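Have a look at the structure below before the remarks.
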Amino acid sequence: MQTSAGSRPLIRHDWMDAEIREIHDLPLPDLLFRAQQVHRRYHDPRKVQLCTLLSIKTAGCPEDCAYCPQSAHYITPVVPQGLLDVEQVLTAARQARDSGSTRFCMGAAWREAPDGRQFGQVLEMVTRVRELGMEACCTLGMLTREQAFRLAEAGLTAYNHNLDTGPDYYGEIITTRTYQDRLRTLQYVREAGITVCCGGILGMGESLQDRAALLRVLSSLDPHPESVPINALVRVKGTPLADRPPVDPIEMTRMIAAARIVLPKSRVRLSAGRTEMSAETQALCFIAGANSIFTGEKLLTTPNPGRDQDRSLLHKLGLSPLGLP
Ligand code: SAM
Ligand code: DTB
Ligand code: SF4
C-alpha cells in the first residue's frame, strides 16, 4: 500500500469532513505544496486533458436545479432544442478532435434518460464518437441499471453525474430528486464498468463545510471517480442563483487543491466558469492540481473560452494537451 511520510495511505475512502477542512484552510503555500506533491506522484504536471462539450438535447428539463438555465421551472435566454441527429453530433465531434480534444462529452437536459428510439440514437452517437478515436462521455440524467449496461456495450468511456454540493445543502438547490438518487445512478455506472465523472459547483451559497462534505462523499466512493469536475457557477439570468456573487479565485484554488489531495489519482477538471477567470487564476488552479478543462466556444448553453485563447494560455504556462491514453 502506498503511504505518505507517516503511515496513512494516500488513497483513502475514510476522509472526515474536519480533516478535509483542515487541509482546505491551510496557509496557501502549504496547501499548494501538498497538492503539488500528490499531483506529481500520480500525474504528469505538464499535461492537461482537453474535453469538448455538446448539448445534444437542450432545455425543457423537469428538474428544478437552481443553477441551471435548462430547467423548465425558470425563464432563461436558452433556446430549447430536441435531440440532435447523429450526423450533427459527429460533425461537432470531428471538429473537436481536429482541434485537439481527446474526449467528447454529450449532455442532455433530461431528468432521466428515456427508453426507446431516443436512447437508441444516443447509443449510436456513442459508438460513432468512439469510432473517431475519441473518448466518449455522456450526461443524460438518471439511468437504470440496464441503460448503464447498454451505454457500456456501445463503448461509452465515462458518465458524468454530479453530486453538485454536500448532502446537507443539496435540498436548498434541488427539490425534485435526492442525493440518494444521484448515488444510485453512480453505482449503476460503476457496475457497468463505465468510468465515473462526478463533481460539483462552487458559488451557490454553500458553506466551506458543504464543500468539504462534497469531497468527503466523493472520496467515499470506491474506487474514486476517475474525473472530478469542479465548476464555478455560471450565473444565468432567470435562474434563482443569477445574483450570487462570483466565486473568489483563491477559494476556487483551495477547492481544487483539496480535491487533488483527497482524490490523488482523479483527473480534476477546472470546468465551468473559466470565462470569468483570469489567466493567473487558471494558472493557480493548474498548480493546485487541475489537469483537465473543457475547451471550445461553448459549454452546454453558456460561453467558454475559445480554443485559440486556451492554446495561448497553455503555451504561456508551458503546458500541453494530453494525448489519448
Ligand atoms: N441533466 C443532466 C444532469 O443534471 O445530470 C445532465 C446535464 S446537466 C446541465 C450537467 C451538470 O452541469 C450539472 O450536474 C451541473 O453540475 C452542471 N451545471 C449546470 N448548470 C450549471 C451552471 N449554471 N454553472 C455551473 N455548472 C452547471
Ligand atoms: C460538468 O461538471 N460541467 C459541464 C459538464 N459537467 C456537463 C456542464 C457545465 C454547464 C454550464 C452551464 C451551461 O453551459 O449550460
Ligand atoms: Fe439542468 Fe440537468 Fe438539473 Fe435538468 S437535471 S435542470 S439539465 S442540471
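Both ligands and their constituent atoms are indexed starting at 1 by order of listing. Just so it is clear, the model here is predicted, and its values are computed rather than measured.
- Not a single protein heavy atom sits closer than 4.0 Å to atom 8 (S) of ligand 1.
- When each atom of ligand 3 is checked for a heavy atom of A109 under 4.0 Å away, the hits are 7 (S).
- Backbone or side-chain N, O or S atoms of C68 reach atom 1 (Fe) of ligand 3 at under 2.8 Å.
- Protein heavy atom in closest approach to atom 24 (N) of ligand 1: V234 N, 2.9 Å.
- For ligand 1, the atoms sitting less than 4.0 Å from at least one non-hydrogen atom of L300 are 9 (C), numbered in the order shown with element in parentheses.
- Looking at ligand 1, you won't find any N or O of P69 less than 3.5 Å from one of its N or O atoms.
- Here the heavy atom of the protein found nearest to atom 5 (O) of ligand 1 is R182 NH2, 2.9 Å.
- With respect to atom 6 (C) of ligand 1, the closest heavy atom belonging to the protein is T139 OG1, 3.1 Å.
- At a threshold of 4.0 Å, the pair D181-R184 counts as salt-bridged, since one of the basic side-chain nitrogens sits closer than that to a carboxylate oxygen.
- Looking at D310 and R274, a side-chain N of the basic residue comes within less than 4.0 Å of a carboxylate O on the acidic one, giving a salt bridge.
- Distances from ligand 3 to the non-hydrogen atoms of H73 include no value under 4.0 Å.
- The backbone N or O of R244 lies less than 3.5 Å from a partner atom in the side chain of R235, making a donor-acceptor pair.
- When the options T139, L300, I230, L299 are ranked by their closest heavy atom to atom 8 (C) of ligand 2, first place goes to L300.
- Looking only at heavy atoms of the protein, atom 11 (C) of ligand 1 is closest to N162 ND2, 3.8 Å.
- The atoms of ligand 2 that sit less than 4.0 Å from any heavy atom of P229 are 2 (O).
- Across N162, N304, T302, N231, heavy-atom proximity to atom 14 (O) of ligand 2 is greatest for T302.
- Between I230, I201, T165, it is I201 that holds the heavy atom closest to atom 27 (C) of ligand 1.
- Taking distance alone, with nitrogen or oxygen atoms compared against 3.5 Å, T301 approaches ligand 2 more closely than that limit.
- Under a 4.0 Å criterion applied to the non-hydrogen atoms of Y67, ligand 3 contributes the atoms 8 (S).
- Using a 4.0 Å cut-off to heavy atoms of S71, the atoms of ligand 3 that qualify are 6 (S).
- Atom 5 (S) of ligand 3 has its closest protein heavy atom at R177 NH1, 3.3 Å.
- Using a 4.0 Å cut-off between heavy atoms, K57 makes no contact with ligand 3 at all.
- When heavy-atom distances to ligand 2 are checked against a 4.0 Å cut-off, L53 comes that close only through its side chain, counted from C-beta outward.
- Not close to ligand 1: M106, with no non-hydrogen atom less than 4.0 angstrom away.
- At distances below 3.5 Å, at least one donor-acceptor pair connects side-chain atoms of H13 with backbone N or O atoms of L221.
- Near C65, the atoms of ligand 3 lying under 4.0 angstrom from a non-hydrogen atom of the residue are 3 (Fe), 5 (S), 6 (S), 8 (S).
- Interface atoms of ligand 2 facing N160, defined by a heavy-atom separation under 4.0 Å, are 6 (N), 7 (C).
- The closest approach between any non-hydrogen atom of G141 and ligand 1 is below 4.0 Å.
- Among protein heavy atoms, the minimum distance from atom 20 (N) of ligand 1 is reached at Y67 CD1, 3.3 Å.
- Between A108 and ligand 1 there is a heavy-atom distance shorter than 4.0 Å.
- Atom 16 (O) of ligand 1 has its closest protein heavy atom at D164 OD1, 2.7 Å.
- Distances from atom 4 (Fe) of ligand 3 show that C61 has an N/O/S atom below 2.8 Å.
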